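The next block holds one structure in the form of structure tokens; read it before the comments.
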Number of protein chains: 2
Amino acid sequence: MSETRTRPKRATIFDVAAEAGVSRGTVSRVLNGEPYVSQSAREAIEAAIDKVGYVRNTAARNLATQTSGAVALIVHEPHAVFVEDPNIGAILLGTNTALSDADYQLVSLIIDSDRDTDRVVSYLGGGFVDGAIVVSAREDDPITAALERLHIPTVLVGRPETAPELPSVSIDNRTAARDITERLVSTGRRRIGMIAAALDRDSGRDRLAGFRDALGDAFDDALVVEVPLYSFHSGQEGMRQLLRRAPDLDGIFAASDAIAAGAVDVLKEAGKRIPNDVGVVGFDDSAWALRCQPALSTVRQPAGALGARAAELVLDEIRRGERQRGVVLLPTEVVWRDSA
Amino acid sequence: MSETRTRPKRATIFDVAAEAGVSRGTVSRVLNGEPYVSQSAREAIEAAIDKVGYVRNTAARNLATQTSGAVALIVHEPHAVFVEDPNIGAILLGTNTALSDADYQLVSLIIDSDRDTDRVVSYLGGGFVDGAIVVSAREDDPITAALERLHIPTVLVGRPETAPELPSVSIDNRTAARDITERLVSTGRRRIGMIAAALDRDSGRDRLAGFRDALGDAFDDALVVEVPLYSFHSGQEGMRQLLRRAPDLDGIFAASDAIAAGAVDVLKEAGKRIPNDVGVVGFDDSAWALRCQPALSTVRQPAGALGARAAELVLDEIRRGERQRGVVLLPTEVVWRDSA
């Protein structure tokens with residue numbers, strides 16, 4: 001079903017010069033819009049460009065200003081989360097829309113291995129992007145360090161404690177987690193557990209801290225399990241552990257909607273009715289929340305707006321050299337449905 | 001919480017030249033590894049590079065060969081599908097791994113508006129990428145046309161009929177759809193409907209054709225509804241329409257797992273038991289299949305392998321100038337679970 005052929009080479013500036021019968025330098029002057037080229041040479045070169053199908057090389061054209069018109073979105077997530085988490089798609093689309101409005105090209109780069117890290121650092125040093133947005137950076141993230149070293153305008157989505165110099169856009173995870181837990185308490189639940197995740201990130205730690213704030217003296221360390229990822233599978237694992245420890249639980253705060261969906265799955269298998277026997281609340285208000293049966297009570301986080309705001313901040317720095325320091329916090333709200 | 005400061009400018013070749021006390025041309029010769037530069041000038045330049053923090057500009061360094069070391073993955077999907085469809089994430093990760101092994105950088109570009117289309121075409125003409133992989137191209141896709149005009153090595157995932165010149169990697173959607181429908185028929189179902197989607201693409205049309213093949217004379221046009229997207233919401237809409245037309249249906253072939261999950265949701269609401277009253281089968285074996293209650297019987301499509309194979313083909317063309325023509329088809333299999 002297939003055959004092989006040799007593809008035509010892309011035309012270069014040398015092809016244009018040969019076709020027009022002028023020097024490469026003259027072609028270059030015309031491409032750069034410089035004066036002192038005769039009208040006849042200019043016309044010959046323009047005809048040659050059309051004939052050989054030469055495409056102006058933006059990367060080359062912008063060498064003097066060192067700009068590319070592109071901004072990187074760097075996503076640093078393990079496989080399972082990348083494939084499952086609707087927030088990442090929403091952040092990506094929010095960023096794309098804001099950059100597109102400003103006529104900047106979004107290029108997304110995935111970090112999935114140490115090899116990826118090294119190569120992305122070298123790509124970033126190559127002048128291909130004017131700015132970067134880093135999603136879910138870990139502490140001591142080598143990409144963030146490289147961006148600072150390269151003086152590439154950078155904005156974080158989320159806020160690792162080790163990069164206080166970089167501006168970031170986030171939500172107040174601690175307050176939001178306290179709010180949803182308090183709402184769960186107000187339904188009369190007395191034995192509330194938490195499936196905590198991603199404690200190597202600010203979001204994970206802050207959601208746990210907010211849970212503890214809400215429970216105060218009633219907080220019981222034994223009712224918290226820790227799982228690695230904000231994923232459905234991690235939710236199933238965490239819920240199985242919690243049920244073994246405390247079969248009499250009547251409430252669960254899951255650190256994300258995907259985790260909550262996994263927890264609901266295990267609870268149903270164990271014969272628990274939701275919300276009658278156990279009230280479950282999540283975090284994100286992602287596509288998972290409405291897919292879950294019953295629909296999840298959760299915290300809405302404005303994923304698209306996080307991406308858009310990060311794009312605006314990075315454009316401010318690219319275009320005006322102004323860096324906004326500190327954290328921009330976007331509002332969240334409790335969305336109460338049927339799972340608690 | 002925030003303050004503004006002026007960021008340091010990125011060092012340019014001019015800064016290096018000034019620091020080293022040599023001409024820009026001399027710096028350029030050293031950066032390009034050209035001979036005929038004195039040892040002392042070379043040392044002064046290397047010291048200056050360290051001191052001013054100059055980063056070699058790969059885009060510039062590779063002007064002569066017109067290469068960037070990057071390959072674009074262009075995703076052309078509406079919002080809902082992009083956020084929901086786990087296949088896209090899996091294709092992306094498969095592509096990333098294969099390119100990473102060859103030390104190429106994957107850059108993902110999203111098309112979400114006409115403005116995006118125009119800007120991506122101009123970006124592709126800018127010398128930023130050496131090749132491109134296009135996912136879910138529509139017929140008469142302007143991006144695909146631009147890639148051909150620019151002589152950028154391109155591989156499609158899926159196969160639109162209007163770009164027969166471009167190599168593509170796909171599955172045999174028609175045979176796979178026939179196989180899963182025949183399996184559903186073999187469970188004794190007699191009134192089988194289909195929720196067809198994305199009929200502007202080969203995948204959508206071929207899945208409908210395979211369904212018709214399997215039913216033969218029993219095919220009834222009235223039992224097919226068409227929805228726009230491979231999404232959960234489209235599945236709900238399609239199932240509502242089908243139930244109004246034929247409340248006695250006992251089988252459903254949904255054109256994707258997300259659609260099947262939406263259909264299951266509506267069927268349960270209507271009081272139908274699955275699989276007892278209605279058997280439902282999907283397509284993809286994506287993360288949706290196992291989330292669904294009951295777990296979906298479906299066709300496994302090798303999303304990661306599709307991405308990896310497309311990357312290998314584009315690298316062949318970039319590095320050896322050899323274009324594989326025609327379609328590479330990867331195998332699928334029926335995965336039978338509990339929904340039918």
Side-chain angles (χ1 to χ4, degrees), chain A residues 1-10 12 53 55-60 63 66 68 70 79 82-84 86 89-90 92-93 96-97 100 103 105-110 112-113 115-116 119-120 123 125-128 150-151 153 167 232 261 287 291 293 317 321-328, chain B residues 1-10 12 55-60 63 66 68 70 79 82-84 86 89-90 92-93 96-97 100 103 105-110 112-113 115-116 119-120 123 125-128 149-151 153 167 232 261 287 291 293 317 321-328:
Chain A
M1 225 167 162
S2 67
E3 60 178 273
T4 291
R5 64 167 180 162
T6 301
R7 82 183 150 91
K9 286 261 176 278
R10 224 186 304 179
T12 68
V55 177
R56 290 167 192 233
N57 187 312
T58 312
L63 261 186
Q66 295 256 31
S68 66
H79 260 74
F82 193 85
V83 176
E84 280 189 17
L92 194 61
L93 290 171
N96 189 58
T97 302
S100 184
D103 220 22
Q105 178 61 47
L106 174 69
V107 301
S108 308
L109 311 175
I110 303 169
D112 188 42
S113 67
R115 182 161 188 167
D116 286 350
R119 203 191 49 253
V120 165
Y123 179 82
F128 290 99
L150 294 166
H151 301 303
F232 182 82
R291 270 176 224 159
Q293 300 272 347
E317 187 170 344
E322 288 171 5
R323 173 171 288 185
Q324 189 84 13
R325 289 183 66 180
V327 182
V328 174
Chain B
M1 221 166 167
S2 68
E3 59 178 274
T4 292
R5 64 168 181 160
T6 301
R7 81 183 153 90
K9 286 263 177 278
R10 223 186 303 181
T12 69
V55 178
R56 290 167 192 234
N57 188 312
T58 311
L63 262 186
Q66 296 256 29
S68 65
H79 260 74
F82 193 85
V83 175
E84 280 188 18
L92 193 61
L93 290 170
N96 190 57
T97 302
S100 185
D103 221 22
Q105 179 62 46
L106 174 68
V107 302
S108 308
L109 312 175
I110 302 169
D112 188 40
S113 66
R115 183 161 188 167
D116 286 351
R119 203 191 48 254
V120 164
Y123 180 83
F128 290 98
R149 199 170 59 240
L150 294 166
H151 301 303
F232 182 82
R291 270 176 224 161
Q293 300 273 350
E317 187 170 344
E322 288 170 5
R323 172 171 290 185
Q324 190 84 14
R325 289 184 67 179
V327 183
V328 174

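This one's a predicted model, so the numbers in the text were calculated from it and none came from an experiment. We name chains A, B, ... by the order of the sequence lines, and we start the count at 1 in each one.
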Where does A261(A) contact chain B at under 4.5 Å (heavy atoms): side chain, backbone, both or neither?
neither
Side-chain contact test, heavy atoms from C-beta onward, threshold under 4.5 Å: evaluate it for V107(B) versus Y123(A) and give yes or no.
yes
What pairs with S100(A) under side-chain hydrogen bond (donor to acceptor under 3.5 Å, both in side chains), at least two apart in sequence or on another chain?
D116(B), R119(B)
As a quick check of understanding, evaluate side-chain contact (heavy atoms from CB on, under 4.5 Å) for L106(A) and L109(B), giving each step before the final call.
CA-CA 6 Å; L106(A) 174 69; L109(B) 312 175; over 6 Å; no
Out of curiosity, I110(A) CD1 to N96(B) CG, how far, rounded to the nearest 0.5 Å?
4.5 Å
State the CD-CD distance between Q293(A) and Q293(B), to the nearest 0.5 angstrom.
9.0 Å
